[in-house]
Amino acid sequence: MSERETPASDPRHASASPAGPADAPGQSPPGDTADPAPEGTPAAEQTLLEQMGGVSGLAYSAVPIVVFVVVNALTSLMPAIWAAVGLAVAIAVWRLVRKEPLQPAISGVLGVAVCSFIAYRSGDAKGFFLLGIWTSLVYGGVFLVSVLVRWPLVGVAWSALNSLGMDWRKQRAALRGYDLATLAWVVVFAAKYVVQQWLYNADQTGWLAFARIAMGYPLTALALIVTVWAVRRASKIAQETADRELAEDQAAYARYAQQPEQSAERPGPADN
């Protein structure tokens with residue numbers, strides 16, 4: 001190969017040199033930087049639904065409530081309590097037999113058991129809904145405080161579940177997206193508390209059950225839509241930031257690699 005052909009091949013291989021910044025410890029090659037976004041963002045809906053037991057978990061949680069109200073209306077409080085608890089246990093066993101996630105099944109039984117205990121202690125069927133009412137108030141307050149202190153819980157929870165770190169807090173657009181998603185959950189919890197507390201004070205046990213189920217599905221779906229949007233937006237911003245930083249590192253390395261060549265071409269004092 002002639003000397004005229006050699007320089008033409010060197011620049012082509014220079015960017016793939018092992019000494020480049022893309023191969024430095026803690027950094028990924030340019031071809032790998034686009035992988036996390038396609039894998040992480042489409043799985044947001046599935047991961048969030050799994051935390052609530054999936055679509056079937058949302059349906060299962062409504063059945064004991066309906067049974068409690070119906071049995072209480074037809075008989076009395078104690079038969080309603082035993083019917084609700086027994087059905088919750090039966091649903092949990094059914095889910096375990098089908099090898100569905102264990103945590104939602106156990107949570108469903110504990111939730112119905114605690115609500116039933118409160119109703120038993122209060123001696124009134126409406127006490128069955130008291131835990132959910134105050135839980136909505138507490139959750140709404142916690143989510144709101146997390147936005148005020150600039151640690152939105154949607155972003156914190158999503159990053160913790162996927163081991164993504166908290167670098168998104170340094171990116172204003174990503175932080176704003178997680179703020180909006182967290183505020184969407186604040187609105188959901190606030191609406192549940194206001195409506196159900198009003199029905200509780202009005203002794204409307206039947207309407208309490210209806211409100212708990214009816215407000216659960218639509219409002220949760222809306223909050224999930226905003227949450228998925230925030231996760232995708234934050235992932236896109238993080239990917240763009242990583243690509244930009246990689247490009248800057250590569251440009252800086254290219255400038256650094258050219259400096260020895262330029263200094264070697266300059267005539268020294270001995271050459272004059």
Side-chain angles (χ1 to χ4, degrees), residues 44-65 68 84 88 101 103-119 121-122 126-162 166 168-169 175-201 204-205 207-231 234:
E45 301 93 330
Q46 180 179 0
T47 303
L48 290 169
L49 282 174
E50 286 176 353
Q51 300 307 309
M52 299 185 297
V55 177
S56 60
L58 295 176
Y60 290 150
S61 64
V63 177
I65 299 174
F68 175 83
Q103 187 271 334
I106 296 177
S107 299
V109 174
L110 290 178
V112 173
V114 173
C115 291
S116 298
F117 178 76
I118 295 174
R121 294 293 296 177
S122 65
K126 70 178 184 179
F128 186 89
F129 303 94
L130 195 58
L131 177 63
I133 294 173
W134 287 102
T135 298
S136 297
L137 178 63
V138 173
Y139 282 175
V142 171
F143 273 62
L144 180 59
V145 170
S146 72
V147 173
L148 296 178
V149 300
R150 312 307 294 159
W151 281 87
L153 275 182
V154 169
V156 173
W158 177 252
S159 300
L161 287 172
N162 296 274
M166 300 296 170
W168 51 267
R169 296 188 66 249
L175 180 62
R176 185 163 51 247
Y178 281 132
D179 281 342
L180 291 175
T182 305
L183 288 174
W185 287 102
V186 173
V187 172
V188 168
F189 291 128
K192 288 182 177 180
Y193 172 76
V194 171
V195 173
Q196 294 179 31
Q197 181 65 37
W198 177 74
L199 292 172
Y200 180 88
N201 293 333
Q204 299 292 330
T205 304
W207 284 107
L208 261 174
F210 176 81
R212 181 164 173 173
I213 297 172
M215 297 183 72
Y217 291 104
L219 294 183
T220 299
L222 290 176
L224 279 175
I225 291 173
V226 179
T227 300
V228 171
W229 168 82
V231 168

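- Of all the heavy atoms in Gly127 and Ile118, the pair that sits closest is O-CG2, 3.3 Å.
- The shortest heavy-atom contact between Ser122 and Ala119 is OG-O, 3.1 Å.
- Between Leu183 and Val226 there is no side-chain heavy-atom pair separated by less than 4.5 Å.
- The ring pair (Phe, Tyr, Trp, His ring centres under 6.0 Å) test applied to Tyr139 returns Phe189, not counting sequence neighbours.
- Note that the CG atom of Leu175 and the CG atom of Leu180 stand 10.0 Å from one another [nearest 0.5 Å].
- Taken to the nearest 0.5 Å, the CH2 atom of Trp207 stands 13.0 Å off from the CZ atom of Phe129.
- The minimum heavy-atom distance between Ile65 and Ala209, with the atom names listed, is CG2-CB, 3.8 Å.
- Every pair tested for salt bridge (charged side-chain N to carboxylate O under 4.0 Å, His left out) that includes a residue from residues 131-147 fails, sequence neighbours excluded, so the list is empty.
- Atom CH2 of Trp229 has more than 12 neighbouring heavy atoms from other residues, nucleotides or ligands inside a 6.0 Å radius.
- Side-chain N/O atoms of Thr227 and Trp158 include no donor and acceptor closer than 3.5 Å.
- Residues Tyr178 and Val156 are not in side-chain contact: their nearest non-hydrogen atoms beyond the backbone lie 4.5 Å or more apart.
- Taking both residues in full, the closest heavy atoms of Gln196 and Arg212 are given as NE2-CA, 3.6 Å, listed atom of the first, atom of the second, then distance.
- The stretch residues 133-146 participates, sequence neighbours left out, in no salt bridge (charged side-chain N to carboxylate O under 4.0 Å, His left out) pair at all.
- Counting heavy atoms from C-beta outward, Trp134 and Leu137 have side chains that approach closer than 4.5 Å.
- Distance check, rounded to the nearest 0.5 Å: CG of Leu219 to CH2 of Trp185 gives 9.5 Å.
- Considering every non-hydrogen atom in both Pro64 and Val112, the closest pair reads CB-CG2, 3.9 Å.
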Going by atom type alone, with no hydrogens or angles, which donor-acceptor pairs under 3.5 Å involve a side-chain atom of residues 142-155 and a protein atom two or more places apart or on another chain?
| residue | atom | partner | partner atom | Å |
| --- | --- | --- | --- | --- |
| Ser146 | OG | Phe143 | O | 2.6 |
| Ser146 | OG | Leu153 | N | 3.3 |
| Arg150 | NH1 | Asp179 | OD2 | 2.8 |
| Arg150 | NH2 | Asp179 | OD2 | 3.0 |

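- A salt bridge (charged side-chain N to carboxylate O under 4.0 Å, His left out) check over residues 182-200, counting only residues at least two apart or in different chains, returns nothing.
- If you take CG on Leu199 and CD1 on Ile133, they are separated by 8.0 Å, rounding to the nearest 0.5 Å.
- With sequence neighbours excluded, no residue satisfies ring pair (Phe, Tyr, Trp, His ring centres under 6.0 Å) with Phe117.
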